[in-house]
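Following: one structure in C-alpha cells, then a few remarks.
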Amino acid sequence: MEEWERWERRVQKAAHPVAYRLMRAVAARGPVVRVPRVGVVVSDARVAREVLLDTGAYTKTGPGAAAGLWTPVLGPRTLITLEGAEHAELRRRLGGLFTPGYVAAVCERVLRAPLADLERRLAAGAEVDLVRVVRDGAAGVIRELVGMPPGGAGFAEASAAVSAVRLWRTTLTGRQTDRARAALARLTEAAVAAYRAGDESTAAGRLRALGLDEAEARGAVGLFLLTGTETLVSFVPRLVALAHDTGRGPDGITDALVEEALRVTSPTPVMLRSAARAGRIGGVRVAAGERVVIATLLCARAYGPFAPERDAAETAGLRRLWFGAGPHFCLGMPLAMAEVRAVVGALRGFPELSIAGRRPARGVLVPSYARLPVRARAGGVPGDGERARKPDRRRR
C-alpha cells in the first residue's frame, strides 16, 4: 500500500471506523446493495448520478434523507430541507452570494493578512499547524460573509453538532437537536442583527434584499455556518498531504492535482435520499420511503488510485459528483475553490515543505486531520507564493 493510501485510510477510519469498513464491504458485493438499518447503498457513479438527477423519485425530504436530520435545527426552508420548485426558487435567490468574482473578493480581503503571516512563519523555519490555519481562515471568511464580528462566537460547538450525524441515524436525538439549535442561535445572532438592519454588505442583509423572511435568512446563514468550514478543514490539509506523500511540494499542486485530490477525498463522502415511490435502482427493488445512500467516496475511488497525471477523460463520468448533481449541485463550490486557491498560493513559495507529524480527527462527520504541522526550509521568501494565487490555466 502506498503512503498516500495508508494515510487516507487512517483518516477515513478515524472518522467512521464502522461505516468505512461497512461501505467497502458493501461495494465489494456490487454497485447497488441493500443493507439492513442503513438503506440501499449505491457505489457506482453512473447509477448515483441517475438517482441524484431524478428528484421526483428520490428526494432529500423523505424518511431517512437529509431534511429529517436538519429541519429541526435549521427550519423547513433551507436548501438542504427543500425540494422541487421551492428549492429552485430559493437557490435562484441565493445564487448571487456565490458568484466567482464575489467570493474571490471576500477571500482576498479576509485571507490576505493571515496568509501573509503563514508565509512569514514558514520562511522563519517555524512549525505551523495547517489544520488550524485553514480552520481560522475558513471561519474568518464565513464571518465576513454572514456579518459576524471578528473574534465572535466560535464554531466548535456547531462542528460538534454536525459530527453527531452517523450513517445509520435518521434523526438527531432531542439533546443533539437542542445543542445544535443553541449553538446556531449564538452564532447567527449578529447575522440576524445585520438582516434587521438591512446591511447589504453581509449575506444576511443581502438575503433580506432578495426577499427572504427572517426565518429563511437565519436558516440559510445556519447552513453556511454548519458546512462552510468543515469541507475546507478536511480538504486543504489532505490535499497538501497527498502532494507530499507522492513526492510533490506545494509548487507542484496544479489544477489537475486539485481535481484528482477532490476525487480521492470526496468532500461529501455520502449523500442521502429517500425513495418517493417504489421502483428499482440498478436492478435492486426499492420501496417507497426507503433510504438511498449514495456512497460518493466509493463511486469516485472506483476510478483508481490517486494519479494526477492521468488523462482527464478517464474520470469524465464523475463530473464532480462529490459536489452533487442537478438542482442540488453544491452552491458554495466557488467559495470553497477560491479558499483552496488562496491557501495553496501562499504555500507554493515553499517547494520543500515537509510534514512534521499528523493526527487524523476522530468522530467527525467529514473525515479530516486533527493536526497537520508543516515546516519549510528556513530562508524561504515570503510572498513567493503570490504568483501561484492566480488560477493554473493549463489544460487538464
Side-chain angles (χ1 to χ4, degrees), residues 19 37-42 48 50-94 158-159 161-185 188 207 212-228 230-231 267-279 281 286-296 321-332 365-366:
R37 296 184 60 215
V38 173
V40 175
V41 179
V42 178
E50 290 175 358
V51 170
L52 294 174
L53 291 177
D54 192 351
T55 56
Y58 306 104
T59 173
K60 296 183 79 169
T61 61
L69 286 164
W70 298 118
T71 296
V73 177
L74 299 170
R77 296 191 56 78
T78 68
L79 288 178
I80 204 170
T81 58
L82 287 175
E83 195 66 91
E86 289 183 303
H87 174 273
E89 174 60 18
L90 181 58
R91 184 181 176 93
R92 183 189 65 77
R93 293 184 188 180
L94 295 174
S159 297
V162 174
S163 298
V165 177
R166 288 294 178 265
L167 186 60
W168 55 84
R169 181 171 289 150
T170 57
T171 60
L172 294 176
T173 66
R175 182 177 180 181
Q176 289 164 345
T177 299
D178 290 344
R179 182 180 181 186
R181 281 177 176 168
L184 286 176
T188 58
L207 293 178
L212 276 72
D213 64 31
E214 186 173 308
E216 290 173 328
R218 183 189 285 271
V221 169
L223 181 59
F224 301 159
L225 294 172
L226 283 174
T227 62
E230 298 308 302
T231 299
T268 308
V270 169
M271 300 178 190
L272 301 178
R273 295 293 186 270
S274 180
R277 56 178 179 265
I281 300 177
V286 181
E290 191 165 14
R291 177 157 51 170
V292 179
V293 179
I294 307 296
T296 323
L321 184 67
W322 44 85
F323 284 128
H328 289 291
F329 189 85
C330 179
L331 186 66
L365 177 60
V366 183

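These figures come from a predicted structure and were not determined experimentally. Start at 1 with the first residue, then count along the sequence.
Across all non-hydrogen atoms, the minimal contact from Val366 to Pro267 is CG1-O, 3.8 Å. The two residues Val286 and Val292 make their nearest non-hydrogen contact at CG1-CG2, 4.4 Å. Residue Ile281 comes nearest to Tyr58 through the heavy atom pair CG1-OH, 3.2 Å, listed as atom of the first residue, atom of the second, then distance. Ala67 and Thr61 get closest at one heavy-atom pair: CB-CA, 3.6 Å. Gly75 and Thr81 make their closest contact through O-OG1, 3.4 Å (heavy atoms, listed as atom of the first residue, atom of the second, distance). Heavy-atom minimum distance, Arg277 versus Gly56: NH1-O, 3.4 Å.
Proximity of a side-chain donor or acceptor of Glu89 to a complementary backbone N or O of Glu86 within less than 3.5 Å is not detected. For the pair Arg291 (side chain) and Pro63 (backbone), a donor-acceptor distance under 3.5 Å is absent. With hydrogens and angles disregarded, a donor-acceptor distance shorter than 3.5 Å links the side chain of Arg181 to the backbone of Pro72.
Summarising the geometry, atom NZ belonging to Lys60 is positioned 9.5 Å from atom CG belonging to Leu52; distances are rounded to the nearest 0.5 Å. Taking OG1 of Thr78 as the start and CG of Leu212 as the end, the distance is 11.0 Å to the nearest 0.5 Å. Atoms OG1 and CH2, on Thr231 and Trp322 in that order, are 14.0 Å from each other to the nearest 0.5 Å. A distance of 10.0 Å separates CG in Leu82 from OG1 in Thr59, rounded to the nearest 0.5 Å. For the atom pair NE2 of His328 and CD of Glu83, the computed distance is 3.5 Å after rounding to the nearest 0.5 Å. Within the model, atoms CZ of Arg273 and CD1 of Ile294 stand 7.0 Å from one another, a figure rounded to the nearest 0.5 Å.
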Can you list the steps and then say if Glu230 with Leu365 is a side chain to side chain contact (heavy atoms under 4.5 Å, CB included)?
CA-CA 9 Å; Glu230 298 308 302; Leu365 177 60; over 6 Å; no
Could you please spell out the steps behind the side chain to side chain contact (heavy atoms under 4.5 Å, CB included) verdict for Val42 and Val293?
CA-CA 6 Å; Val42 178; Val293 179; over 6 Å; no
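For the pair Leu207/Leu94, a side-chain contact is recorded, criterion being any heavy-atom separation below 4.5 Å from C-beta on.
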